[in-house]
Novice: 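Please read through the structure below; I'll follow up with questions.
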Amino acid sequence: QVQLVESGGGLVQAGGSLRLSCAASIRTFSNYGMGWFRQAPGKERDFVAAISTSGGTTTYADFVKGRFRISRDNAKNMVYLQMNSLEPDDTAVYYCAANGRIEARRGGLSTERTRYDSWGQGTQVTVSS
């Protein structure tokens, strides 16, 4: 059974930075592609970033390119999202997600919410102007 726990959210001023962490209770963590999504009030849950099983491949939503960086530490079963140059529009609940499907095990990435089978409870990020 997969359990994901996010941390690191909070209140920050525009232009500031936050680092989100996701602790994964997964026996074979290195077999899972990992992703970050976010959901603002009244909006759908959107893709933010994804990382392959080895950490060698990443992809980002256009609205965060150059500002956010996803990384993972397979020895610690951790995934991170470094967020820089934060903007008020980045305000949302951020969710960590795990993709254990065959395409992920083969090193593929997915930006589709439906490809992720396990989700954390989310962590709130609020960016003030």
Side-chain angles (χ1 to χ4, degrees):
Q1 187 171 356
V2 175
Q3 289 188 327
L4 304 172
V5 179
E6 303 95 335
S7 61
L11 174 63
V12 64
Q13 289 188 333
S17 298
L18 282 175
R19 188 195 195 204
L20 304 184
S21 298
C22 173
S25 298
I26 306 175
R27 178 180 294 183
T28 53
F29 178 68
S30 60
N31 284 347
Y32 285 74
M34 300 298 295
W36 286 96
F37 289 75
R38 72 185 188 185
Q39 188 167 18
K43 296 186 177 181
E44 293 188 351
R45 191 170 297 188
D46 292 329
F47 169 77
V48 175
I51 189 166
S52 62
T53 51
S54 68
T57 306
T58 58
T59 190
Y60 298 89
D62 287 343
F63 55 77
V64 302
K65 282 182 179 177
R67 300 189 298 126
F68 292 9
R69 180 176 177 271
I70 187 172
S71 61
R72 66 189 294 163
D73 185 336
N74 284 347
K76 297 181 179 179
N77 282 23
M78 296 290 294
V79 181
Y80 306 98
L81 185 67
Q82 177 66 43
M83 306 187 295
N84 300 324
S85 302
L86 283 162
E87 305 166 354
D89 284 348
D90 294 318
T91 296
V93 177
Y94 283 73
Y95 296 90
C96 174
N99 176 3
R101 298 171 186 262
I102 189 63
E103 73 271 13
R105 292 172 181 262
R106 292 173 176 171
L109 297 172
S110 178
T111 64
E112 298 295 324
R113 184 177 56 195
T114 57
R115 306 305 291 175
Y116 290 82
D117 304 304
S118 302
W119 295 82
Q121 83 289 348
T123 185
Q124 176 70 46
V125 171
T126 302
V127 184
S128 64
S129 58

Novice: Is a side-chain donor-acceptor pair under 3.5 Å present for N99 with S110?
Specialist: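 S110 vs N99: no donor-acceptor pair found between side chains.
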Novice: As a quick check of understanding, evaluate side-chain contact (heavy atoms from CB on, under 4.5 Å) for T53 and F29, giving each step before the final call.
Specialist: CA-CA 8 Å; T53 51; F29 178 68; over 6 Å; no
Novice: For the pair D46 and R113, find out whether any cationic side-chain nitrogen is under 4.0 Å from an anionic carboxylate oxygen.
Specialist: no
Novice: Indicate, with yes or no, if V48 and Y95 share a hydrophobic cluster defined by side-chain heavy-atom contacts under 4.5 Å among Ile, Leu, Val, Met, Phe, Trp and Tyr.
Specialist: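 Y95 does not cluster with V48.
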Novice: Do the two ring centres, one from Y116 and one from F37, sit under 6.0 Å apart?
Specialist: yes
Novice: Looking only at atom types and distance, does a side-chain atom of N77 sit under 3.5 Å from a main-chain N or O of I26, one as donor and one as acceptor?
Specialist: yes
Novice: About how many Å separate CG of N31 and CZ of R101, when rounded to the nearest 0.5 Å?
Specialist: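 Result: 15.5 Å between the selected atoms.
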Novice: Going by distance alone, is a donor N or O of one side chain under 3.5 Å from an acceptor N or O of the other, for R45 and Q39?
Specialist: yes
Novice: Is it true that a side-chain atom of Q13 and a backbone atom of S128 form a donor plus acceptor pair closer than 3.5 Å?
Specialist: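 Flag not set: sc Q13 to bb S128 has no pair under 3.5 Å.
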Novice: Working to the nearest 0.5 angstrom, can you tell me the gap between R115 CZ and F47 CZ?
Specialist: 14.0 Å
Novice: To the nearest 0.5 Å, tell me how far R72 CZ sits from C22 SG.
Specialist: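 So the CZ of R72 and the SG of C22 are separated by 10.0 Å.
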Novice: Does atom CZ (R69) have a neighbourhood of more than 12 heavy atoms from anything else shown, all under 6.0 Å?
Specialist: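 No, not enclosed.
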Novice: Using the ring centroid of each side chain, check whether W36 and F68 are separated by less than 6.0 Å.
Specialist: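 That pair fails the under 6.0 Å test.
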Novice: Say you draw a straight line from CZ of R38 to CE of M83; how long is it, rounded to the nearest 0.5 Å?
Specialist: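 Result: 9.0 Å between the selected atoms.
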